Amino acid sequence: MSTLPQPHGRTGVERCADTTLPTRHGIFRLTAYRDTAGTEHVALSVGVTDDHRPGATPLVRLHSECLTGDALGSYRCDCGEQLQHALRTIAASGHGTLVYLRGHEGRGIGLVEKLRAYALQDTGLDTVDANLALGHPADARGYDAAAAILHDLGLHRVRLLSANPAKERALRDLGITVVGREGIAVRTRPENARYLATKRARMGHDHPLVEDEWPALLAGEVPGRGQLSLRYGDLVRHRGPLVLAQLGQSLDGFIASRTGDARFVTGPQDREHLHRLRALVDAVVVGAATARADDCRLTVRDVPGPHPVRVVLDPRRTLPPDAALLTDGTAPTTWVVGPGVHPVPPPAPHVRVVTWPAEGVMEPALVLSLLADHGLHRVLVEGGGRLVSAFVTAGVVDRLYLTTAPVLVGDGVPGIRVGGQDRMADALRPTARRWLAGEDVVTELVLRPAPSARQDEQVDVGDDHAQPA
């Protein structure tokens with residue numbers, strides 16, 4: 001392959017390989033480069049193609065290699081958390097690239113020298129003085145190769161995901177137009193607080209964004225008793241398999257009109273709540289009828305968070321080949337079909353076809369067992385009404401989130417339906433709590449409480465005033 005020169009005569013790069021990389025955040029295009037110094041770099045891209053079609057300005061992250069943070073989970077820096085946050089954010093945006101720059105270890109001084117600098121920091125020096133004491137500059141990194149990679153990918157105009165203004169200046173000098181720069185909100189820890197403060201005080205990094213609870217919840221921590229911790233803290237604390245179900249319906253119990261129109265029964269705040277649930281599970285399950293009618297994507301778009309595996313139950317293989325779940329490679333899809341069913345044409349690489357072992361109804365408990373066999377233990381059953389009702393009736397749902405909108409449909413597709421009782425005393429009355437989501441009311445029903453769960457009925461967990469992204 002030919003070497004691609006950098007404008008202004010700077011370091012060039014050679015494109016060496018192009019493939020795909022499925023991750024917990026979604027499927028990325030993975031492109032390998034080698035610069036003229038022999039250092040190898042990679043670019044992880046979503047929505048970036050070689051035809052360089054015009055569109056929205058892509059989100060770009062230049063990420064410096066950090067073995068201790070990225071691979072070993074060190075808390076001495078914030079690199080590993082920034083890497084995962086950036087991949088998640090770029091995947092959610094649908095258009096962008098993370099350039100992973102090798103040779104940037106320790107801000108360009110190498111792994112061994114970085115560890116020697118760590119030892120000096122243990123004696124009281126800050127990260128800048130430790131580098132200087134070893135005879136290195138405070139920051140020895142260069143971004144020629146990064147700019148060359150962006151030019152090769154056709155990304156001449158970008159939104160930069162970074163708190164470091166030096167990266168923005170470097171890209172501008174190398175012919176990349178930076179139309180804006182967005183910070184990365186990761187938590188400050190006791191182990192890296194001084195390091196981060198030094199970067200802001202002595203290296204010009206931006207002060208951190210106001211941190212909310214959501215990044216901590218995504219990381220598996222419950223930071224306090226704020227609004228999000230109250231709503232989702234129990235889900236984060238829960239260990240072991242977890243089954244959630246969600247429906248949005250009208251006051252008179254319909255999830256769509258009689259023509260099948262379901263856009264939108266509930267408002268944007270409820271959709272944000274739904275996306276938070278998706279971000280906290282391994283898989284989201286829908287029936288084929290819902291997938292056909294809504295042509296849903298089942299990804300996390302209104303909040304930061306990882307996309308779940310999308311599971312569609314389709315015993316008779318009625319999902320059309322052009323359905324979004326089969327064509328949109330943003331997140332992996334598991335297509336469960338009946339015995340003897342062979343999808344034609346063969347599905348895209350992000351789709352895994354799983355054959356149901358028997359004819360007839362896909363029993364909820366067996367569906368969950370099948371998903372567990374594929375490593376999917378935290379499951380959200382999202383639709384439609386019959387599927388959610390079947391899982392609730394089977395007694396396998398831990399929590400049901402039922403959102404009611406102040407609208408009367410009159411006739412349409414029914415929402416939640418459970419077995420009827422002759423006496424009100426025998427009706428299902430689970431522990432419940434509720435909150436407002438704009439004009440809608442979200443009711444959380446604890447159908448199978450955890451052994452240590454508090455049984456506080458009618459808990460007020462606050463109004464949701466957040467707007468969709």
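All figures in this text were calculated on a predicted structure; none of them were measured in a lab.
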Does the side-chain hydrogen bond (donor to acceptor under 3.5 Å, both in side chains) test come out yes or no for Ser74 and Thr68, once each step is laid out?
-> CA-CA 5 Å; Ser74 169; Thr68 51; 4.7 Å; no

Under the side-chain hydrogen bond (donor to acceptor under 3.5 Å, both in side chains) criterion, do Thr39 and Arg34 qualify, and how do the steps go?
-> CA-CA 6 Å; Thr39 305; Arg34 184 180 294 114; over 6 Å; no

Yes or no on side chain to side chain contact (heavy atoms under 4.5 Å, CB included) for Gln421 and Leu428, after CA distance, side-chain angles and deciding distance?
-> CA-CA 9 Å; Gln421 300 292 338; Leu428 184 62; over 6 Å; no

What do the steps show when you test Thr403 against Asp440 for side-chain hydrogen bond (donor to acceptor under 3.5 Å, both in side chains), and what is the final call?
-> CA-CA 7 Å; Thr403 303; Asp440 305 325; over 6 Å; no

Apply side chain to side chain contact (heavy atoms under 4.5 Å, CB included) to Val179 and Thr177, showing your working.
-> CA-CA 6 Å; Val179 301; Thr177 300; 4.1 Å; yes

Would you sort out whether Leu368 and Val379 count as a side chain to side chain contact (heavy atoms under 4.5 Å, CB included), showing the intermediate values?
-> CA-CA 8 Å; Leu368 296 174; Val379 177; 4.2 Å; yes

Val381/Leu387 under side chain to side chain contact (heavy atoms under 4.5 Å, CB included): CA gap, chis, key distance, verdict | CA-CA 8 Å; Val381 183; Leu387 185 70; 4.0 Å; yes

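Asp328 CG to Thr333 OG1: the interatomic distance, rounded to the nearest 0.5 Å, is 7.5 Å. Here Leu62 contributes atom CG and Leu150 contributes atom CG; the two are 6.0 Å apart, rounded to the nearest 0.5 Å. Here the straight-line distance linking atom OG1 of Thr327 with atom CG of Leu325 works out to 8.0 Å at 0.5 Å rounding. Distance check, rounded to the nearest 0.5 Å: CG of Asp144 to CG of Leu101 gives 10.5 Å. Remark: Thr89 OG1 to Leu59 CG distance equals 7.0 Å, nearest 0.5 Å. How far CG of Leu298 is from OG1 of Thr330: 11.5 Å, rounded to the nearest 0.5 Å.
Between the side chains of Arg15 and Thr31, not a single donor N or O lies within less than 3.5 Å of an accepting N or O. Of the N and O atoms on the side chains of Gln246 and His273, not one donor lies less than 3.5 Å from an acceptor on the other residue.
For the residue pair Ala279 and Leu218, the shortest heavy atom distance occurs at CB-CD2, 4.0 Å. Of all the heavy atoms in Thr299 and Ala331, the pair that sits closest is CG2-CB, 4.2 Å. A pairwise comparison of heavy atoms in Gly383 and Thr290 identifies C-OG1, 3.5 Å as the closest pair. Between Arg278 and Arg301, the shortest heavy-atom contact is NH1-NH1, 4.1 Å. Here the closest non-hydrogen pair linking Arg448 and Val397 is CG-O, 3.5 Å. The minimum heavy-atom distance between His95 and Thr57, with the atom names listed, is ND1-C, 4.4 Å.
Side-chain atoms of Glu213 come within 3.5 Å of backbone N or O of Ser229 as a donor-acceptor pair. Between the Ser45 side chain and the Val48 main chain, no donor and acceptor come within less than 3.5 Å of each other.
Looking at heavy atoms from C-beta onward, Leu244 lies in side-chain contact with Tyr401 at the 4.5 angstrom threshold. Residues Val222 and Leu217 have side chains in contact (heavy-atom distance under 4.5 Å, counting atoms from C-beta outward). No side-chain heavy atom of Val336 sits under 4.5 Å from any side-chain heavy atom of Val353. You'll find the side chain of His104 reaches within 4.5 Å of the side chain of Tyr143, heavy atoms only. Side-chain contact check for Leu242 versus Val281: every heavy-atom pair is 4.5 Å or farther apart. Two residues are said to be in side-chain contact when any heavy atoms from C-beta on lie closer than 4.5 Å; Asp302 and Val300 fail this criterion. Side-chain contact between Val354 and Val337: absent, with no pair of heavy atoms (C-beta onward) separated by less than 4.5 Å. Using a 4.5 Å heavy-atom threshold, the side chains of Tyr33 and Val42 count as separate.
Between His156 and His151, the distance separating the two ring centers is shorter than 6.0 angstrom. Between His238 and Tyr232, the distance separating the two ring centers is not shorter than 6.0 angstrom. Two rings, from Tyr100 and His63, have their centers less than 6.0 Å apart.
Other residues, nucleotides and ligands contribute only 12 or fewer heavy atoms inside 6.0 Å of the CZ atom of Arg258. More than 12 non-hydrogen atoms from other residues, nucleotides or ligands lie less than 6.0 angstrom from CZ of Arg159. The local environment of CD in Glu439 is sparse, with at most 12 non-hydrogen atoms from other residues, nucleotides or ligands closer than 6.0 Å.
Ion pair Asp282/Arg378 not flagged as a salt bridge, since none of the NZ, NE, NH1 or NH2 atoms sits closer than 4.0 Å to an Asp/Glu carboxylate oxygen. Using a cutoff of 4.0 Å between basic side-chain nitrogens and carboxylate oxygens, Glu444 and Arg434 are not scored as salt-bridged. With respect to the salt-bridge test (charged N to carboxylate O, under 4.0 angstrom), the residues Arg102 and Asp35 do not qualify. With respect to Asp314 and Arg317, no salt bridge is recorded, no charged nitrogen being found less than 4.0 Å from a carboxylate O.
Across His307, His85, Gln84, a single residue satisfies side chain to side chain donor-acceptor pair (under 3.5 Å) together with His25, and that is Gln84.
Remark: Arg276 qualifies as a cation-pi partner of Trp214 under the 6.0 Å distance and 45° angle criteria applied to the six-membered ring.
Residues forming a ring-ring contact (aromatic ring centres under 6.0 Å, His included) with Phe254 (at least two apart in sequence, or on another chain): none.
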